[in-house]
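By convention in this document, chain letters (A, B, ...) are assigned in the order of the sequence lines, proteins followed by strands, and residues within each chain are numbered from 1.
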Amino acid sequence: MEKYNPKKIEKKWQKKWEETGVFASLDKSKKPKYYLLVEFPYPSGDGLHVGHCRSYVALDILARKKRMQGFNVLFPMGWDAFGLPTENYAIKTRTHPAIVTRKNTANFKRQQKDLGLSFDWNREINTTDPSYYKWTQWIFIQLFKKGLAYKAKMSINWCPSCKIGLANEEVVDGKCERCGKKAGRKEKEQWLLRITKYADRLIHDLDKVDYPERVKVSQKEWIGRSQGTEIKFPVPVFTPFRDLSLTGFTTRADTLFGCTYLVLAPEHALIEKLKRKISNYKQVKDYVEKSKKKAEKERISEDKEKTGIEIKGIKATNPVNNRKIPIFVADYVLMHYGTGAIMAVPAHDQRDFDFAKRYNLPIIEVIKPKDSKYDPSKQAYEGEGILINSGRFTGIKSEQAKERITEWLNAKGFAKKAVHYKLRDWIFSRQRYWGEPIPMIKCEKCGWQPVLEQDLPIKLPEVKNYKPTEKGQSPLAKVEKWVNAECPKCKGPGQRETDVMPNWAGSNWYYLRYCDPINDKKLADPKKLEHWMPVDWYNGGMEHTTLHLLYSRFIYKFLRDIKAVPRSIGSEPYKKRTSHGMILGQGGIKMSKSKGNVISPEKVVKEHGADTMRVYEMFIGPFEQMILWDTKGVKGVRRFLEKVWKFQEKLGDGKELKQLVHKTIKKVTEDIELLKFNTAISSLMILANKMEQQKEISLIHYSLFLILLSPFAPHITEELWERAGFKGLCCEQKWPRYDSKLIKEKKIILVVQINGKVRDKIEVDADISEKEAEKAVLLRDRVLKYTEGKKIKKTIFISGKLINFVL
RNA sequence: GCCGAGGUGGUGAAAUUGGCAAACACGUACGGUUCAGAGCCGUAUACCUUACGGUUUGUGGGUUCAAAUCCCACCCUCGGCACCA
């Protein structure tokens, strides 16, 4: 017998699969469709990571099994190739990012093929391909036409080192996520997408999908819907602002009688508006300027000590009791949430309490705490309760008071119900090179105009230098020829937008393109979308479960609203979402180049073969859990495959294993569906161990075993299939069904307990009755030892499992 | 602080409608094969005990004939969010 040589046989079968086209998905088929999606990678220069493999192999196993079960499976792959690392590399090496991308994707693809992944390569897509980003740009134009894309001047997080605007989520601990340098703020014109318009639908439709609970929770929290009241506080000043007022948002209208001052965010417009009325304007302005310089995250996360300053010369009126209250400005109030102004109730809000203590402001209790231990001089009572000191509302419960105070003020024109979200509109422009150009032209007469759809794609022009300009503009700004363009409306002179889209843009809708990857007329043919969508199962990293999922759900809903996607395919793009756990390096630390503990999948494949790599990654631990890479464990899996390899020498008759084979069919079939690959493999190992002990293995059991193992280890099974003389390809066989009659045990081991402790075990017929069992058991020495001279009070008999005597 | 997940041998882990705790694998020890090693095969391997037996699923309590699994309180680890009014 030849030795098991993965290198040789793996190449052979990969070629064979490619030649026969067994993994191609059909746009028309009588078989039921099944769409399996893995997050497409950013093709970095480092090549495939073990984490990528975990996701790909897992869904590859599902894809292979589903095909064998008679489904028409769509399992595609592509490249999310726009992005900063490629661009930074291009700056450093003066190579065109497109060349870097081509090199990297080729490398990724080769490594994926080496793993024997059953992707349908006819549907490969690349977000940097103009024929793809044509449609990314087209989507942007539709958003603009519906008023969902707009340009606004705003203060953004700014990394002075990368010279790039940063989304809030790209600032970690006040530092740029990419380079780790301190981030600041800068006023910039930015394109924004009005995702907030979809906030309620994005929450509501979570009920329709099968996502892990934690993912749903984090999406809801990210959107952060809260219902409350907007309250108008008159600010009496003399002309020219006769009816001036400040609006604050609160979820606790019941505490309004305890409001002793108002606080404005530093950016609040009222400050400039009332400049002349403010007696200490210079000091106020100083404070405002200081807080504007801090990066947003820094401002928020800075020690809990609250700073602020009173705006002197003006006062507000609390509409519930007409009291005059002072107005402060403080940076613990955020301009972008609610109305940028709050009513401070120090007795019932810890933040207001801290601030009031520091600036000696009055604290009025208006809710009677339920907890008697609570000390009002030390902290705020934030719970609900019965109202006190609240005029006509004294004595009623918080819950009712919220409603009634709102209604009462509403009647007088001082309040209305309102909903606010933590979610903010999505900043959609980056001042860089390697992204989709935003297809907009600014005309002095007509303002911002989208380019004509027939002119798409707007291709990225060639530039000499990929660095952003000193002013923080995209390098595209330097390409005069490209920038100057005629206004699509009036044909007068205009200038192109030089910002590009963020990385998210291409990944928002890529799963739609797989359904119809080379369509030039539409982003995808509705018929094909109707055939394939929705995605039945989507797997990817935990780190993408809030932003990417939320963004792409938003874009999907929008495309469906404008009928670019047929309504019939449902309101959600992904039916089911799972996330694989991260793989940590030796010692339980994250794999990183600097720690030197990175495991390269390519090396493992070279050393042990793709099948070992695949089975090991699935066997190592529960799929959705974080796991540790253990080089020694890889050997164990290789050993298992070597064992399987040797079976070819003893094919023959043997009948004994029929029951175990059927049990294994059941276990493997069910476990794959539940992503319990580790236990599925363990049951295959148990069967293999038993087979090894047999003198001869029957051909029928052998073929069933190979089929069950084939999704996990497709190459070796294919080779053994051929060597055994079986017909066709192993990966095209029908997935076996088990015989439930066969699985039932005839004899079982009955556990005998006395007072709940195991004292004996006895082999009996599986369907033994309580009386028979009692009879059989009570005569045994080991049992007599405990029961002698004692009375049996009670007998518990669980059929097929145990008998317990209580003495 | 809030939300979520989790805590089981030397290690990764298995067992969840309550019913034999530690399947499968790694590691280790001993034995076999070998001139020798690697490899492979076999046996053992939660802990205490020579044994009989006893103890054990983060800690403490509860429910039950029976708890890793259910309930209560607490401790710890990991992940996410974090001045959102």
Work out how far the [atom1] atom of [N] is from that of [M], and round it to whole angstrom.
{"N": "B:G10", "M": "B:U16", "atom1": "P", "answer": "23 Å"}
{"N": "B:G6", "M": "B:A68", "atom1": "C1'", "answer": "13 Å"}
{"N": "B:G53", "M": "B:C74", "atom1": "P", "answer": "42 Å"}
{"N": "B:A25", "M": "B:C70", "atom1": "P", "answer": "29 Å"}
{"N": "B:A14", "M": "B:A22", "atom1": "C1'", "answer": "7 Å"}
{"N": "B:C75", "M": "B:G42", "atom1": "P", "answer": "49 Å"}
{"N": "B:C24", "M": "B:A13", "atom1": "C1'", "answer": "9 Å"}

Between [options], which nucleotide gets closest to the side-chain atoms of [X]?
{"X": "A:Leu802", "options": "B:G19, B:G27, B:C65", "result": "B:G19"}
{"X": "A:Val758", "options": "B:G19, B:A21, B:A13", "result": "B:A21"}
{"X": "A:Phe619", "options": "B:C24, B:A85, B:C3", "result": "B:C24"}
{"X": "A:Glu692", "options": "B:G42, B:A85, B:G19", "result": "B:G42"}
{"X": "A:Pro622", "options": "B:A85, B:C20, B:A14", "result": "B:A14"}
{"X": "A:Met626", "options": "B:C78, B:A14, B:C24", "result": "B:C78"}
{"X": "A:Ile798", "options": "B:A23, B:G19, B:G27", "result": "B:G19"}
{"X": "A:Ile796", "options": "B:A14, B:C26, B:G19", "result": "B:G19"}
{"X": "A:Gln753", "options": "B:G19, B:A15, B:C3", "result": "B:G19"}

*Do the ring centers of A:Phe677 and A:Phe619 come within less than 6.0 Å of each other?*
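Aromatic pair excluded; centres sit 6.0 Å or further apart.
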_Should the side chain of A:Lys794 and the base of B:C65 be counted as holding a donor-acceptor pair, with the cut-off at 3.5 Å?_
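A donor-acceptor contact between them is absent.
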*Hey, does the side chain of A:Arg759 come within less than 4.0 Å of B:G53's phosphate (OP1/OP2), counting only N and O?*
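No, outside the criterion.
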*Distance test, side-chain N/O of A:Lys667 to OP1/OP2 of B:A14, below 4.0 Å*: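 Negative; the distance criterion is not met.
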Scan [X] against the nucleic acid and name what it touches under 4.0 Å (heavy atoms): base, sugar-phosphate only, or nothing.
{"X": "A:Ser683", "result": "nothing"}
{"X": "A:Val751", "result": "base"}
{"X": "A:Gly224", "result": "nothing"}
{"X": "A:Lys757", "result": "sugar-phosphate"}
{"X": "A:Glu543", "result": "nothing"}
{"X": "A:Thr250", "result": "sugar-phosphate"}

*So A:Tyr551 and A:Trp504, would you call those rings parallel, tilted or perpendicular, with 30° and 60° as cut-offs?*
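Taking A:Trp504 first and then A:Tyr551, their aromatic rings stand perpendicular (interplane angle over 60°).
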*Take the angle between the ring planes of A:Tyr332 and A:Phe355 and call it parallel below 30°, perpendicular above 60°, tilted in between.*
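If you compare the ring of A:Tyr332 with that of A:Phe355, the planes turn out tilted.
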Whole angstrom is fine here: how far is it from [atom1] in [X] over to [atom2] in [N]?
{"X": "A:Lys422", "N": "B:C81", "atom1": "NZ", "atom2": "C1'", "result": "7 Å"}
{"X": "A:Asn804", "N": "B:A67", "atom1": "CG", "atom2": "C1'", "result": "14 Å"}
{"X": "A:Lys801", "N": "B:A67", "atom1": "NZ", "atom2": "C1'", "result": "15 Å"}

*Enter syn or anti for the glycosidic conformation of B:G9, syn applying to angles within 90° of 0.*
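B:G9: syn glycosidic orientation.
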*Counting only heavy atoms not in A:Lys416, do more than 12 sit closer than 6.0 Å to its NZ atom?*
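Atom NZ in A:Lys416 is not crowded, with 12 or fewer foreign heavy atoms closer than 6.0 Å.
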*Evaluate whether atom NZ of A:Lys216 has more than 12 neighbouring non-hydrogen atoms of other residues, nucleotides or ligands under 6.0 angstrom away.*
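Yes, the 6.0 Å shell around NZ holds more than 12 heavy atoms from other groups.
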*Have A:Tyr337 and A:Ser226 got a donor and an acceptor in their side chains that come within less than 3.5 Å?*
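Yes - a donor-acceptor pair under 3.5 Å links their side chains.
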